[in-house]
Amino acid sequence: MPEHDAQAWNEKDIADLTAKIGALKASMSTVIVGQDQVIESLVICLLAGGHALVEGVPGLGKTLLVKSLAQATDLQFRRVQFTPDLMPSDIVGTEILEENQTTRQRLFRFQPGPVFTQVLLADEINRAPPKTQSALLEAMQERAVTFGGVTHGLPKPFFVLATQNPIEQAGTYPLPEAQLDRFLLRIDVGYPTEDEEMMMVSRTTHAGLADAPQVMDVNSLLRLQKLARDIEIGEHLLRYATRLVRATRPQDSHVAAVIKHVGWGAGPRAGQALVLAAKARALMHNRLAVTRDDIGAMLLPVLAHRVLRNFEAEADGVAIADILLALRAEIRADKD
């Protein structure tokens with residue numbers, strides 16, 4: 001058995017680390033009312049070492065969600081409000097001219113921007129023009145920023161959570177497909193139930209919300225990310241994940257809903273994301289091997305932003321979720 005397999009880990013270490021996942025979810029729940037599925041998806045994304053694109057109307061607690069995650073894990077947190085006049089240097093940083101008081105020599109020094117953090121909230125990312133949006137591309141993919149020919153590494157872990165408002169599209173710049181593909185998951189935040197909304201109103205109209213208790217340090221999080229990658233996945237499930245991704249491409253698919261309503265399918269990075277997310281979900285549920293249910297559960301958040309509907313689907317009002325559910329129902333694993 002390879003040394004990197006999950007079974008090579010010490011059982012006590014695994015038990016201690018997985019207990020911290022439950023503690024993390026519980027800590028965030030002390031601040032966030034309801035939204036259990038959103039919290040779980042966010043933690044899965046963190047364990048897999050990916051980035052998250054969160055969609056939801058204003059006022060649903062998206063900023064509070066990521067802030068509570070940073071508090072519970074003791075990660076450095078920064079927020080950038082994307083606006084039409086935001087420049088790339090406002091995100092990655094810039095060079096400033098400094099003068100040595102002794103020698104009077106003037107030198108340029110790189111001043112890091114807010115991207116040099118561990119948790120970055122890119123609020124309303126589609127409000128900024130493509131030139132500014134692209135400033136995050138290298139940071140998200142390479143975990144580094146190149147400025148003036150010099151590459152500067154970002155802190156570890158590095159997690160980007162970007163938000164979008166799905167309703168108000170005036171004055172926005174849709175993210176290009178290449179950048180959407182850098183997000184591991186797209187997480188939809190819906191309205192709370194009546195009881196949850198009443199509890200939310202009650203909590204936020206008193207003296208104020210307390211911070212989420214810290215339950216995990218950075219070292220534990222990095223070890224959990226490594227353990228997530230070491231989770232076992234059988235060859236038949238790897239093939240199942242690959243078949244699901246390939247079936248989103250109209251030219252390769254036999255799924256009627258895909259052939260009729262998809263303009264462009266997901267690329268190979270989607271398969272990587274699906275397997276990583278399934279491994280993280282298995283770890284979250286205290287399992288050291290991926291199941292078919294893990295892959296099925298992560299199909300929508302992994303592929304929703306990677307599969308493009310065609311004009312006919314938009315005209316007929318067919319949602320991407322409908323297409324992916326039809327795909328999941330038709331594609332079967334070898335050992336069903």
Side-chain angles (χ1 to χ4, degrees), residues 1-32 35-52 54 63-79 115-121 139-140 142-144 153-161 183-185 187 209-233 272-273 275-290 294 297-298 301:
M1 179 177 294
E3 292 182 359
H4 64 273
D5 283 349
Q7 292 180 18
W9 287 70
N10 180 283
E11 288 187 10
K12 183 179 184 305
D13 287 345
I14 293 176
D16 290 343
L17 286 172
T18 52
K20 291 181 183 293
I21 299 175
L24 175 58
K25 292 168 61 180
S27 175
M28 294 176 66
S29 296
T30 63
V31 176
I32 305 297
Q35 304 291 3
D36 293 337
Q37 187 57 52
V38 174
I39 292 174
E40 178 166 321
S41 297
L42 194 62
V43 174
I44 287 172
C45 199
L46 185 66
L47 293 176
H51 309 291
V54 178
T63 301
L64 185 60
L65 182 72
V66 67
K67 188 176 180 180
S68 67
L69 175 67
Q71 291 169 347
T73 52
D74 195 31
L75 296 176
Q76 184 185 16
F77 166 71
R78 288 185 180 175
R79 174 181 179 271
V115 74
F116 286 84
T117 187
Q118 292 171 314
V119 178
L120 177 68
L121 173 60
M140 292 172 66
E142 306 296 336
R143 265 64 172 183
L154 294 173
K156 294 182 180 180
F158 176 65
F159 177 57
V160 174
L161 189 143
F183 289 100
L184 184 79
L185 302 182
I187 303 171
L209 284 172
D211 291 344
Q214 182 195 337
V215 295
M216 186 185 297
D217 56 25
V218 174
N219 182 57
S220 296
L221 176 56
L222 291 173
R223 293 182 68 203
L224 275 165
Q225 289 181 339
K226 184 178 186 305
L227 178 57
R229 286 182 172 267
D230 288 346
I231 294 298
E232 294 275 0
I233 179 169
Q272 297 169 342
V275 170
L276 270 177
K279 286 186 172 188
R281 185 180 186 273
L283 180 59
M284 171 174 281
H285 291 274
N286 296 315
R287 284 184 275 102
L288 299 182
V290 173
D294 292 322
M298 301 314 301

Kindly give the heavy-atom pair with the smallest separation between Gly153 and Phe116, and that separation in Å.
-> O-CE2, 3.7 Å
List the atom of Leu154, the atom of Ala139, and the distance in Å for their closest heavy-atom pair.
-> CD1-CB, 3.7 Å
Closest non-hydrogen atom pair, Leu184 against Gly50 | CB-CA, 3.9 Å
Parallel under 30°, tilted from 30 to 60°, perpendicular over 60°: which one fits the rings of Phe159 and His51?
-> parallel
Non-hydrogen side-chain atoms of Gln71 and Phe77 separated by less than 4.5 Å = no
Salt bridge or not for Asp16 and Lys20, using N-O below 4.0 Å?
-> no
Indicate the atoms forming the closest heavy-atom contact of Phe158 with Arg143, along with that distance.
-> O-NH2, 3.7 Å
Would you call Met28 and Leu65 a side-chain contact if the rule is heavy atoms closer than 4.5 Å?
-> yes
Spell out, as yes or no, whether a donor-acceptor pair under 3.5 Å connects the side chain of Lys279 to the backbone of Ala228.
-> no
Is there a side-chain contact between Lys67 and Val119, using heavy atoms and a 4.5 Å cut-off?
-> no
At what distance, to the nearest 0.5 angstrom, does CG of Leu17 lie from CE of Met216?
-> 8.0 Å
For Thr30 and Ala212, indicate whether the former's side chain and the latter's backbone hold a donor-acceptor pair under 3.5 Å.
-> no
Met298 side, atom CE; Leu276 side, atom CG - distance, nearest 0.5 Å = 10.5 Å
Nearest heavy-atom pair of Ile231 and Arg287: which atoms, and what distance?
-> CD1-O, 3.8 Å
Output yes when a side-chain donor or acceptor of Gln118 lies under 3.5 Å from a complementary backbone atom of Gln76, and no otherwise.
-> yes
To the nearest 0.5 Å, atom CG of Leu283 lies from atom CG of Leu288 at 7.5 Å
Beyond-backbone contact of Pro157 with Val218, side-chain heavy atoms, under 4.5 angstrom = yes
Only residue of Asp294, Leu24, Leu224, Ile21 satisfying side chain to side chain contact (heavy atoms under 4.5 Å, CB included) with Met284 is Ile21
Carefully, step by step, assess Leu161 and Leu69 under the rule side-chain contact (heavy atoms from CB on, under 4.5 Å).
-> CA-CA 11 Å; Leu161 189 143; Leu69 175 67; 5.9 Å; no
Cys45 versus Leu185, closest heavy-atom pair with distance | CB-CD1, 3.9 Å
Heavy-atom check, side chain of Leu227 versus side chain of Asp13, under 4.5 Å | no
Within the side chain of Ser41, is there an N or O that forms a donor-acceptor pair under 3.5 Å with the backbone of Gln37?
-> yes
